[in-house]
Amino acid sequence: MNETPKLHKALHSVHLWGMAVGLVISGDYFGWNFGWSNANFWEFGISIVWIAIFYVMFALCFTELAASIPQAGGPSAYAKRALGDTFGFFTGYLVLVEFLLAPPAIASALGGYIHFLFPIIPSLYAGVGMFLLLLLMNLTGIKQTARFELFVTFIAVIGLLLYLGLLVPHLSLDQIPNWKNETNISFSAVFTSIPFAIWFFLAVEGVALAAEEVKNPAKDIPKGYIAGIITLLCLAGMIYGFTASVTNTKDIANIEYPLSFVLNSLYGSDSIWPILFTFIGLFGLVASLFGIILGNSRLLYAMSKEGYLPKYLSQLTKGSLVPQNAVISGGVVGIFCMLFLNTAELITISALGACGMYLLCLVSYLMLRKREPNLDRPYRAPLYPILPFIAMGFGVFAFGSVFYAEPKLTAGVFIVGIVLGIGYRLNQFRNKSIN
C-alpha cells in the first residue's frame with residue numbers, strides 16, 4: 001500500500017458520456033414511478049418538467065466548475081475553494097449521502113428484476129449478491145472500470161429503446177387524462193413527487209468525481225457531461241410519456257420493476273419480450289450501481305486526502321492504483337442501509353443529499369466568479385449571473401420538497417452531519433495543538 005501514487009489519467013469524453021448516462025440510467029428503469037403513488041399524470045409531469053429545467057441550468061454552471069477545478073472531490077473541492085474548509089466538509093458530506101444511499105436503492109431494484117426473471121431467488125439475496133460482485137469489479141482499475149461502464153451503458157440505452165419500440169403499437173392518448181378536465185391540480189402532490197422526478201437525473205454530477213482521471217479535462221468534461229444530460233432528458237421524457245399512454249399509472253406506482261411489469265401486462269407472461277427486456281434491463285441497473293460505486297469511492301478517497309475522513313480511505317493499491325479501502329467501506333455502508341431502509345426512503349434521502357449539494361455548488365460557483373475572475377475557465381456558463389440565481393430558486397424549491405416528503409429522515413441526515421462536523425473540527429484542533 002502506498003499513499004504517494006496518483007490516479008491514472010485514462011478517460012476521454014466518450015467515457016464521461018458513458019459515466020453520465022450510466023450513473024443515472026437506472027432511474028429510467030425504476031424508482032421514478034413511485035411519484036405516481038401520490039400524484040396523477042399531470043401533477044407528476046409538472047414536477048418532472050420543473051426538475052428537468054433545473055438540471056439543465058445546474059449542468060451549465062457545474063460544467064464550468066468541473067472543467068476549471070478538475071479534482072476528484074468534485075463539489076467538495078469547489079466549496080472548499082470558494083467558501084472555506086467547513087463548507088467543503090459539509091458539501092462533501094451531502095454528496096456522500098447521495099452516493100452512499102443511491103447504490104442500495106439500485107441494488108434493491110436489481111434484486112427485484114432478478115426475482116422477476118427467477119422467482120425462486122429472493123429479491124434481497126439477489127440484490128446483495130450483485131452489490132458484492134460489482135464492488136469486487138471496481139477493485140480492478142479505472143481503465144477496466146470505465147470500459148465496462150461504457151459497455152453496459154450502451155446495452156442499457158438499447159434496452160430502453162427496445163422498451164419504447166415495443167410500446168409503440170399500444171400507445172393510446174385515451175390513457176392520459178385530458179388536461180382540460182384536470183381542474184384540481186394539487187400543489188402538495190406536485191411537491192411530494194419531486195424527489196422521484198429527481199431520480200430521473202440523480203448522480204449525473206458524479207462525472208466530476210472522476211475528473212483527476214480524465215486526460216483532457218478542459219475539453220472532455222464539457223463534451224461528455226452535456227452530451228449525457230441531453231441523452232437523459234430525451235430518455236426521461238419518452239419513458240414517462242410512453243408508459244403513461246399504455247397503462248394505468250397507479251398499477252405500477254409501487255413496483256420495483258415497472259417496465260417489465262408493463263410489458264408483461266401488454267404481451268403476456270408467455271411472451272419472450274418481457275423476459276428479453278428484463279435481461280437487457282439488468283444492464284441498466286448494473287451500469288448505475290457500478291458507476292455510483294466508482295463515484296462514491298473516489299469521493300471518499302478525495303475527502304480522505306483533504307483530511308475530512310480517516311487517512312486509510314486514501315490509500316491506493318499497488319499496480320491498479322485503486323482506493324480499495326474507499327471502495328469496500330462505501331459498499332459496507334450501502335449494504336447496511338439496504339437491509340434497514342426501503343427503496344422509496346433510500347431514493348428520498350439520496351435526493352436530499354443531492355439537492356443540498358446542488359445549492360452549495362451554485363453558491364460556490366457565484367463566489368468563485370466574484371473572487372477569482374481570472375481563474376482559467378475552459379468552459380463558461382451562459383447568462384451569468386441570471387442563470388445561477390434562477391437555478392438556486394429552483395433548487396430551494398426541490399430541497400423543500402424532499403424535506404416536506406420525509407421530515408424525520410431529513411432531520412436525521414442533518415443531525416448526523418452536524419455530529420460528524422463537530423468531530424472533524426475537534427480533530428483539527430487536536431492536530432493543531434499537537435503540532
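Only a predicted model underlies this, so the values are computations on that prediction, with no experimental measurement involved.
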Assess the residue pair E64 and R380 against the criterion (salt bridge (charged side-chain N to carboxylate O under 4.0 Å, His left out)); give the C-alpha distance rounded to whole Å, side-chain angles, the decisive distance to 0.1 Å, and a yes or no.
CA-CA 5 Å; E64 180 177 318; R380 284 179 176 265; 5.3 Å; no
For a ring pair (Phe, Tyr, Trp, His ring centres under 6.0 Å) check, start with the C-alpha distance between Y257 and Y29, then their side-chain angles and the critical distance, and finish with the verdict.
CA-CA 7 Å; Y257 45 91; Y29 280 92; over 10 Å; no
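Side-chain atoms of Y384 and L366, non-hydrogen and from C-beta on, do get closer than 4.5 Å to each other. Counting heavy atoms from C-beta outward, I239 and W32 have side chains that approach closer than 4.5 Å. The shortest distance between side-chain heavy atoms of Y163 and D28 does not fall below 4.5 Å. Taking 4.5 Å as the limit, every side-chain heavy atom of L135 sits out of range of all side-chain heavy atoms of I328. Looking at F30 and I106, their side chains come closer than 4.5 Å, going by heavy atoms from C-beta outward.
A ring-centre distance under 6.0 Å is not found for F44 and F196. Aromatic ring centres of W36 and Y240: separated by under 6.0 Å. The aromatic ring centres of Y93 and Y308 sit 6.0 Å or more apart. The six-membered or imidazole ring of F154 lies near that of W17, with a centre-to-centre distance under 6.0 Å. Ring centroids of F58 and F62 are separated by less than 6.0 Å, placing the two rings close together. If you look at F116 and F279, their ring centroids are not closer than 6.0 Å. Two rings, from Y267 and H170, have their centers less than 6.0 Å apart.
For the atom pair I230 CD1 and L235 CG, the distance stands at 12.0 Å (nearest 0.5 Å). Atom CG of L171 and atom OG1 of T243 lie 9.5 Å apart (nearest 0.5 Å).
Between L202 and A351 the shortest heavy-atom distance is CD1-CA, 3.9 Å. In this structure, G159 and F277 approach most closely via the heavy-atom pair O-CE1, 3.4 Å. Listed here is the closest heavy atom pair of S68 and P378: OG-CD, 4.1 Å. A107 approaches F131 most closely through the heavy-atom pair CB-CD1, 3.8 Å. G31 approaches I347 most closely through the heavy-atom pair CA-CD1, 3.6 Å. Closest non-hydrogen pair, G330 versus N296, comes out as CA-OD1, 4.4 Å.
Residues meeting the salt bridge (charged side-chain N to carboxylate O under 4.0 Å, His left out) test with D85, sequence neighbours left out: K80. Every side-chain hydrogen bond (donor to acceptor under 3.5 Å, both in side chains) that T278 has, sequence neighbours left out, goes to S260. Shown here are the side-chain hydrogen bond (donor to acceptor under 3.5 Å, both in side chains) partners of W199, two or more places apart in sequence or in another chain: there are none. Partners of Y404 by ring-ring contact (aromatic ring centres under 6.0 Å, His included), not counting sequence neighbours, listed by chain and number: F191. Applying the salt bridge (charged side-chain N to carboxylate O under 4.0 Å, His left out) rule to E372 yields the partners R81; only residues at least two apart in sequence or on another chain are considered.
S76 and T91 share no donor-acceptor pair across their side chains, judged by distance under 3.5 Å alone.
Without hydrogens or angle criteria, S350 side chain to A102 main chain gives a donor-acceptor distance under 3.5 Å. Side chain of N33 to backbone of I255: a donor-acceptor contact under 3.5 angstrom is found. Between the side chain of T153 and the backbone N or O of V21, no donor-acceptor pair lies under 3.5 Å. Although no hydrogens or angles enter the test, the distance criterion places a donor-acceptor pair under 3.5 Å between the side chain of S193 and the main chain of V190. Side chain of T247 to main chain of T249: no donor-acceptor pair is present (N/O by atom type, distance under 3.5 Å, no hydrogens or angles).
Between Y55 and the options Y358, W50, Y225, F200, a ring pair (Phe, Tyr, Trp, His ring centres under 6.0 Å) holds for only Y358.
Within a 6.0 Å sphere centred on CG of L339, other residues, nucleotides and ligands contribute more than 12 heavy atoms.
Listed by first and then second residue, the salt bridge (Lys or Arg N to Asp or Glu O under 4.0 Å) pairs involving residues 227-256 amount to none (not counting sequence neighbours).
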